[in-house]
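Naming convention: chains lettered A, B, ... in sequence-line order (proteins, then strands); numbering from 1 in each chain.
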Amino acid sequence: MKLTIVNGSPKNGISNTGILCERFAAGCTSIEGNECESYRLNHLSAAEAAGLLYKNEYTLLAFPLYVYFIPSTLKEFIESIQANADCRVKIGFLVQYGFPEAVHARPLEIYLENLAAMLNCGYLGTIIKGGCDKLSQTPAEDNEKILNGAYEIGKKFGETGLFDPRLLAAYSMPETISEEMAKHIMINANTHYWEKRLRENGAYERYRDRPLIEASPPAASP
Amino acid sequence: MNILVLNGDPDAKQTGFNRYVNELCATLDSRGHIVKVVELRRRTLNQCVGCYSCWLKTPGRCIFHDDVEEILRAYLMSELVILASPVLVGFTSALLKRFMERTHPLALPFLYFKDGRMQHVPRYDKYPKLALLLEASERLDARTMDTIDAVYKSGKTRIFAFEATTAKKPSEVADEIDNSKRFA
């Protein structure tokens with residue numbers, strides 16, 4: 001099989017989405033004969049990006065969850081596409097984000113299934129993974145479970161040409177969390193991650209700044 | 001009431017929707033509301049690049065010094081923000097979405113638990129209520145409306161006042177704003 005992976009993250013440099021795409025691609029191409037081409041949407045011109053969705057028999061569109069939806073750059077790209085009337089492409093999606101629960105991406109998942117139909121593509125499914133904020137900031141061995149999960153989904157896809165719904169369901173867990181679990185996660189995330197990073201930047205003392213309700217700076221003299 | 005209308009129609013030629021938004025604003029104005037309209041397509045809005053500077057380096061401020069800071073100040077001063085958009089490929093426009101992503105500095109990086117799910121702690125004490133105004137067309141069926149609604153309401157720190165489509169007359173939407181007890 002031939003697979004096109006489009007990383008729709010607007011980030012520059014290493015992206016959490018890119019890390020998961022690499023693992024998915026490694027799983028897929030571990031099956032003999034499979035080929036995978038990977039692209040970063042923000043490295044392409046509109047003309048270069050235009051044909052990508054319909055280039056190979058399978059496409060994976062991957063991106064971070066931005067305000068509970070696809071990033072605006074990716075939406076802009078989708079708005080620019082002329083749906084191919086005679087299309088045999090099957091499309092799947094991968095969305096990752098920082099919150100631990102899958103519930104945040106469920107409304108988007110419904111949209112993505114509709115989107116596949118609007119693009120005249122077959123729908124493979126949507127890989128949903130929360131808790132990915134630290135992927136690019138921490139060593140791979142700290143994220144073994146997340147990385148191996150993407151590899152296994154990719155491998156199964158490489159074997160069958162399908163997203164295995166059982167693997168997707170297990171990978172996206174937890175769907176929601178209890179208040180007790182939330183307290184535990186908040187201590188870890190707030191103190192050991194966000195506060196630590198603010199302190200590293202010398203910005204912790206200012207973290208609650210509210211610059212947008214302060215008086216506007218005076219207009220510059222003409 | 002201070003009302004900010006963010007018109008996310010990317011197409012200046014699509015006069016029907018823009019005319020509707022202008023008529024709604026004129027109606028609200030005539031009823032004594034203080035209305036500010038921002039046509040997003042006429043403004044410079046860089047795309048959020050997910051750098052987290054607004055959380056971790058310059059708290060509350062974006063790295064991009066474009067028109068968004070001015071719009072966000074107006075946003076925070078408003079009691080109601082109307083998010084107006086045509087439906088393009090099953091959702092609100094990429095242009096409106098671009099603005100929504102730039103509201104990142106309005107939150108803190110820290111997490112809290114609200115309505116059974118993790119959320120980011122608000123940076124400010126008070127936020128406007130939001131309303132969705134979508135262009136009625138054959139592209140906006142019930143399923144699409146439900147999906148848009150569900151995505152916009154995923155953030156539990158946002159309070160939605162109402163959703164409307166241009167199938168209603170501007171005066172009816174204005175009535176809804178005037179009569180809603182949710183603004184009391």
Next item on the list: Could you check whether the rings of Phe99(A) and His120(B) sit parallel, tilted or perpendicular, using 30° and 60° as the cut-offs?
Entry: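 Ring orientation, 0 to 90° scale: tilted.
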Heavy-atom distances under 4.5 Å only: say whether [X] touches chain B with side chain, backbone, both or neither.
X	answer
Asn42(A)	neither
Ile70(A)	backbone
Leu115(A)	side chain
Glu101(A)	side chain
Ala189(A)	side chain
Glu200(A)	neither
Pro64(A)	neither
Ser178(A)	backbone

Are the charged groups of [X] and [Y] less than 4.0 angstrom apart, N to O?
X	Y	value
Glu37(A)	Lys55(A)	yes
Glu79(A)	Lys75(A)	yes
Asp175(B)	Arg31(B)	yes
Glu175(A)	Arg106(A)	yes
Asp142(A)	Lys134(A)	no
Asp66(B)	Arg43(B)	no
Arg210(A)	Asp125(B)	yes
Arg42(B)	Glu39(B)	yes

[X], part contacting chain A, at a heavy-atom distance under 4.5 Å:
X	answer
Leu96(B)	neither
Gln119(B)	both
Ser53(B)	neither
Gln47(B)	side chain
Phe91(B)	both
Leu111(B)	both
Leu88(B)	both
Arg139(B)	neither

Check: Could you walk me through whether Arg197(A) and Tyr52(B) pass the side chain to side chain contact (heavy atoms under 4.5 Å, CB included) check?
Finding: CA-CA 11 Å; Arg197(A) 291 189 66 190; Tyr52(B) 290 155; 4.2 Å; yes
Taking every heavy-atom pair that is under 4.5 Å apart, which of [options] has the most such pairs with chain B?
options	answer
Leu119(A), Asn190(A), Val67(A)	Asn190(A)
Pro100(A), Pro71(A), Ser9(A)	Pro71(A)
Val103(A), Ile185(A), Leu108(A)	Val103(A)

Among the options [options], pick out the one with the most heavy-atom pairs lying under 4.5 Å from chain A.
options	value
Arg158(B), Met100(B), Met77(B)	Arg158(B)
Gly50(B), Ser154(B), Gly60(B), Ala150(B)	Ser154(B)
Glu70(B), Arg143(B), Lys153(B)	Arg143(B)

Notebook entry, point to check: Is the Tyr207(A)-Tyr204(A) ring centre distance short of 6.0 angstrom?
Noted result: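 Distance test on ring centres: under 6.0 Å, yes.
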Notebook entry, point to check: Measuring from Ile63(B):CD1 to Thr58(B):OG1, what's the distance to the nearest 0.5 Å?
Noted result: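 Here the interatomic distance stands at 8.0 Å.
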Checklist line | Reference residue Glu101(B); test side-chain hydrogen bond (donor to acceptor under 3.5 Å, both in side chains); the match among Lys97(B), Arg98(B), His104(B) | finding: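 Between Glu101(B) and the candidates, side-chain hydrogen bond (donor to acceptor under 3.5 Å, both in side chains) is satisfied uniquely by Lys97(B).
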